[in-house]
Amino acid sequence: MQYKSQAVAKPYFIAAIALFVGQILFGLIMGLQYLIGDFLFPLIPFNVARMVHTNLLIVWLLFGFMGAAYYLIPEESERELHSPKLAMLMFWVFLVAGALTIVGYLAVPYASLAHLTGNDLLETMGREFLEQPLPTKVGIVIVALVFLFNISMTVLKGRKTSISLVMLAGLWGLAIFFLFSFYNPSNLVKDKFYWWWVVHLWVEGVWELILGAMLAFVLIKVTGVDREVIEKWLYSIIAMSLITGIIGTGHHYFWIGAPEYWQWWGSVFSALEPIPFFMMTVFAFNMVNRRRRDHPNRAAVLWALGTGVMAFLGAGVWGFLHTLSPVNYYTHGTQITAAHGHMAFYGAYAMVVMTIISYTMPLMHGRQANSNRAQVVEMWSFWMMTVSMVFITLFLTAAGVLQVWLQRVATSPLSFMATQDQIAIFYWLRLASGVVFTLGLGLYIFSFFVGGDKAESASQA
Amino acid sequence: MSSSFTKSTARNIFYGGSVFFFLLFLGLTFDTMNTLPKRDNSANLTESAIRGKKIWETRNCIGCHTLLGEGAYFAPELGNVYKRRGPEFIKAWMAAQPTGAPGRRQMPQFNLNEKEMNDLVEFLKYSSEINTNNWPPNIEG
């Protein structure tokens with residue numbers, strides 16, 4: 001760590017991991033509710049558990065992105081952060097707002113929460129992933145603006161590298177597209193059309209810039225490969241992300257009332273969306289193979305390589321699987337979508353946050369890398385989480401294929417609930433994989449507390 | 001990558017490509033907004049249906065159900081439920097929740113009054129008449 005203010009990243013990363021744990025616990029609850037329908041009802045109905053599960057995911061990833069920015073922007077800009085105090089203030093604002101929102105979901109019926117928090121003034125609630133009450137949404141905008149001010153000032157006053165510019169562009173895009181969450185027309189088709197301007201243009205658009213910048217930063221550090229080469233890769237990858245991803249939004253416009261031509265635009269461009277993810281895999285392996293030094297933090301290198309591979313599988317391959325409109329006609333809104341969602345979010349975004357945490361946490365503790373023992377534990381947790389996520393995805397895919405067949409293709413189609421009963425075995429297997437994932441996450445947290453040989457952890461910076 | 005392909009080439013492709021395709025996206029969006037009235041059933045978007053949409057949202061129905069295929073996959077698709085079950089069944093169903101059948105998935109009781117119930121059904125009727133290019137493949141959703 002070269003600048004003192006980079007240390008503000010630490011609480012952001014700790015909060016991210018804590019919220020990650022919450023997300024997974026609610027995931028387990030839902031996994032069980034899929035099988036034992038009345039589990040925890042009416043205390044925690046499924047819709048509440050799901051809101052908590054998905055909202056915690058978004059919030060912990062945002063904590064991860066902000067932490068990453070606070071760490072890498074000063075280092076890239078070669079100066080201290082514009083205002084570490086502001087960064088810490090925003091940390092507490094965001095954490096308290098996030099916690100209150102989750103408490104609100106759990107403590108009050110959603111309709112009362114909507115009423116209490118002023119949804120009647122501006123109706124924004126009750127749409128998937130954008131369930132947050134109005135004050136939370138406004139809070140997110142304020143936190144984002146203050147955060148962007150802070151890092152933009154740092155970049156403006158310091159060295160401007162491609163990595164920090166791409167990171168900034170991604171984060172500004174994130175904030176700008178979030179503004180569409182305030183637009184909720186009563187025309188359902190328009191509502192859905194612009195809802196994707198937040199959801200799709202985030203995860204298949206501007207977030208990929210953030211992902212690329214974070215990965216490029218870590219790869220420069222751990223491989224020692226020339227910055228010029230890495231930044232050329234970064235620009236090439238994100239160019240392909242936006243060239244394919246923006247029009248690729250069309251794959252969400254097949255069946256929601258938008259014109260038929262979206263089937264062509266959406267199918268063709270989103271069929272190309274795996275390209276940037278494939279490039280990311282090639283990029284990560286290529287840079288590690290051409291490394292000019294062996295960084296002692298082997299766990300961070302593993303996470304970086306894993307991000308490339310799993311993002312390609314989850315976002316690229318599993319996305320392609322159901323993105324062509326003739327296929328999507330049958331798979332839309334089934335467990336196939338859930339399968340893709342799980343591996344894509346884990347492989348691309350959860351893993352890149354764990355990559356940056358793995359690389360920076362030892363540095364913020366004043367050492368180049370953790371002890372060998374701690375790294376071995378961390379790498380075990382990598383494999384447990386990653387392999388069990390592969391199985392979650394495979395089981396949900398199997399469930400989805402059967403669901404499509406029984407409910408939509410068979411000569412005498414079954415009802416939704418009758419179909420669910422038929423595919424329960426795969427939900428059991430998914431739940432078992434989820435338990436293993438949780439154990440892996442527990443091991444991951446444990447790895448932070450593994451001490452070890454002082455000699456190995458001595459600073460070599 | 002070959003040496004003739006430099007970082008600034010890559011950067012220019014990024015800027016040029018993003019701007020070009022974003023403008024194309026805006027163009028397609030503009031055309032979509034002009035075409036929508038023919039497809040989006042907005043002629044039947046009555047005051048009652050608009051109130052129904054708000055009930056749909058403030059009860060977080062999307063947290064279990066899908067609507068035109070989007071949402072959670074825990075409970076049946078409701079974009080075509082009006083056609084599958086009809087208005088009276090929907091009302092009776094909601095009044096009977098939760099079933100309390102042991103081990104089965106449970107739907108909360110939302111205690112809607114008759115007017116709210118009618119508004120919600122009106123919204124589901126409006127939704128079922130949107131031109132979705134014949135999705136879902138059959139009535140089971």
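Just so it is clear, the structure is predicted and the values come from calculations on it, not from any experiment.
- Using a 4.5 Å heavy-atom threshold, the side chains of A/N47 and B/F74 count as separate.
- Proximity to chain B (any heavy atom under 4.5 Å) is restricted, for A/Y427, to the side chain, taken from C-beta onward.
- With a 4.5 Å cut-off on non-hydrogen atoms, A/Y110 touches chain B through its backbone and its side chain both.
- Put simply, the residue from A/F269, A/W197, A/W265 that forms a ring pair (Phe, Tyr, Trp, His ring centres under 6.0 Å) with B/F25 is A/W197.
- Among B/I55, B/I139, B/N41, B/L67, the residue with the largest count of heavy-atom pairs under 4.5 Å with chain A is B/L67.
- The candidate with the highest count of non-hydrogen atom pairs below 4.5 Å against chain A, out of B/G17, B/C64, B/P98, is B/C64.
- The shortest distance between side-chain heavy atoms of B/E57 and A/D191 falls below 4.5 Å.
- A salt bridge does not link A/D226 with B/K7: every distance from a Lys NZ or Arg NE/NH1/NH2 to an Asp or Glu carboxylate oxygen is 4.0 Å or more.
- For the residue pair A/N184 / B/K53, a side-chain donor-acceptor distance below 3.5 Å is found, with atom types taken as modelled.
- Contact detail for B/N133 and A/A258: the closest heavy-atom pair is ND2-O, 4.0 Å.
- There is no contact between A/F39 and chain B, counting heavy-atom distances below 4.5 Å.
- For chain A, the nearby part of B/M107 is the backbone; its heavy atoms alone come within less than 4.5 Å.
- Using a 4.5 Å cut-off on side-chain heavy atoms (C-beta onward), B/F110 and A/P109 make no contact.
- In this structure, B/D40 contributes its side chain and A/N187 its backbone to no donor-acceptor pair below 3.5 Å.
- Between A/G257 and B/I130 the shortest heavy-atom distance is CA-CG2, 3.7 Å.
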task = Report the C-alpha separation of A/R127 and B/I62 in whole Å, then their side-chain angles, then the decisive distance to 0.1 Å, and conclude whether the side-chain contact (heavy atoms from CB on, under 4.5 Å) test is met.
result = CA-CA 7 Å; A/R127 294 176 305 150; B/I62 206 84; 5.8 Å; no

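- Interface remark: B/I13 contributes backbone and side-chain atoms alike to the contact with chain A (heavy atom separation under 4.5 Å).
- Proximity to chain B is limited to the side chain of A/Q263, based on heavy atoms less than 4.5 angstrom apart.
- The shortest distance between side-chain heavy atoms of A/L242 and B/F22 does not fall below 4.5 Å.
- The existence of a salt bridge linking B/E140 and A/R408 is excluded, since no basic side-chain nitrogen approaches an acidic carboxylate oxygen closer than 4.0 Å.
- Annotation: side chain of B/T66 is not in contact with side chain of A/H332 (no heavy-atom distance under 4.5 Å).
- If you measure heavy-atom distances from B/Y15 to chain A, the contacts under 4.5 Å come from the side chain alone.
- For A/T54, no part lies under 4.5 angstrom from a heavy atom of chain B.
- When every heavy atom of B/F5 is checked against every heavy atom of A/S236, the shortest pair comes out as CE2-OG, 3.4 Å.
- Rounded to the nearest 0.5 angstrom, A/R50 CZ and B/Y73 OH are separated by 6.0 Å.
- With a threshold of 4.5 angstrom between heavy atoms, B/L24 approaches chain A through its backbone and through its side chain.
- Taking chain A as the reference chain and counting heavy-atom pairs below 4.5 Å, the highest number among B/R84, B/H65, B/R59, B/Q109 is found for B/R59.
- Ranked by non-hydrogen atom pairs under 4.5 Å with chain A, the options B/P102, B/G63, B/P136 are led by B/G63.
- Dense packing is recorded around OH of A/Y34, with more than 12 heavy atoms of other residues, nucleotides or ligands lying under 6.0 Å away.
- Rounding to the nearest 0.5 Å gives a distance of 7.5 Å between CD1 of A/I256 and CG of B/L68.
- Taking CD1 of A/I237 as the reference point, atom CZ of B/F14 lies at 12.0 Å (rounded to 0.5 Å).
- Between A/E260 and B/R39, some side-chain heavy-atom pair lies under the 4.5 Å cut-off.
- For A/F193, the part lying near chain B is the side chain, with the backbone staying farther off; criterion is any non-hydrogen pair under 4.5 Å.
- Taking a 6.0 Å sphere around NZ of A/K160, one finds it holds more than 12 heavy atoms contributed by other residues, nucleotides or ligands.
- Neither the backbone nor the side chain of B/L23 comes within less than 4.5 Å of any heavy atom of chain A.
- The part of A/L209 that comes within reach of chain B is its side chain, from C-beta onward, which places non-hydrogen atoms under 4.5 angstrom from that chain.
- B/T58 approaches A/A114 most closely through the heavy-atom pair CG2-CB, 3.9 Å.
- Residues A/W262 and B/T32 bring a donor and an acceptor atom of their side chains to less than 3.5 Å of each other.
- Proximity to chain A is limited to the side chain of B/N138, based on heavy atoms less than 4.5 angstrom apart.
- Taking B/Q106, B/R11, B/R105, B/K38 one by one and counting their heavy-atom pairs under 4.5 Å with chain A, the maximum is reached by B/R105.
- For A/L201, the part lying under 4.5 angstrom from a heavy atom of chain B is the side chain only.
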message = As a quick check of understanding, evaluate side chain to side chain donor-acceptor pair (under 3.5 Å) for B/N134 and A/Y329, giving each step before the final call.
response = CA-CA 9 Å; B/N134 292 320; A/Y329 182 69; 5.7 Å; no

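- Neither the backbone nor the side chain of B/T9 comes within less than 4.5 Å of any heavy atom in chain A.
- Chain A forms more heavy-atom pairs under 4.5 Å with one residue of B/G69, B/P137, B/A72 than with any other, namely B/P137.
- Between the OG atom of B/S18 and the CD1 atom of A/I238 there is a distance of 7.0 Å, given to the nearest 0.5 Å.
- Heavy-atom distances place the side chain of A/P45, and not its backbone, under 4.5 Å from chain B.
- Across every non-hydrogen atom of B/A101 and A/D38, the tightest pair is O-OD2, 4.1 Å.
- Rounding to the nearest 0.5 Å gives a distance of 8.5 Å between OH of A/Y105 and CG of B/N60.
- Proximity of A/L188 to B/F123: side-chain heavy atoms (C-beta onward) are separated by under 4.5 Å at one or more points.
- Shown here for A/I246 and B/F21, the closest heavy-atom pair between the two residues is CG2-O, 3.7 Å.
- Heavy atoms of A/E131 lying under 4.5 Å from chain B belong exclusively to its side chain.
- Side-chain polar atoms of B/N12 and A/Y235 form no donor-acceptor pair below 3.5 angstrom.
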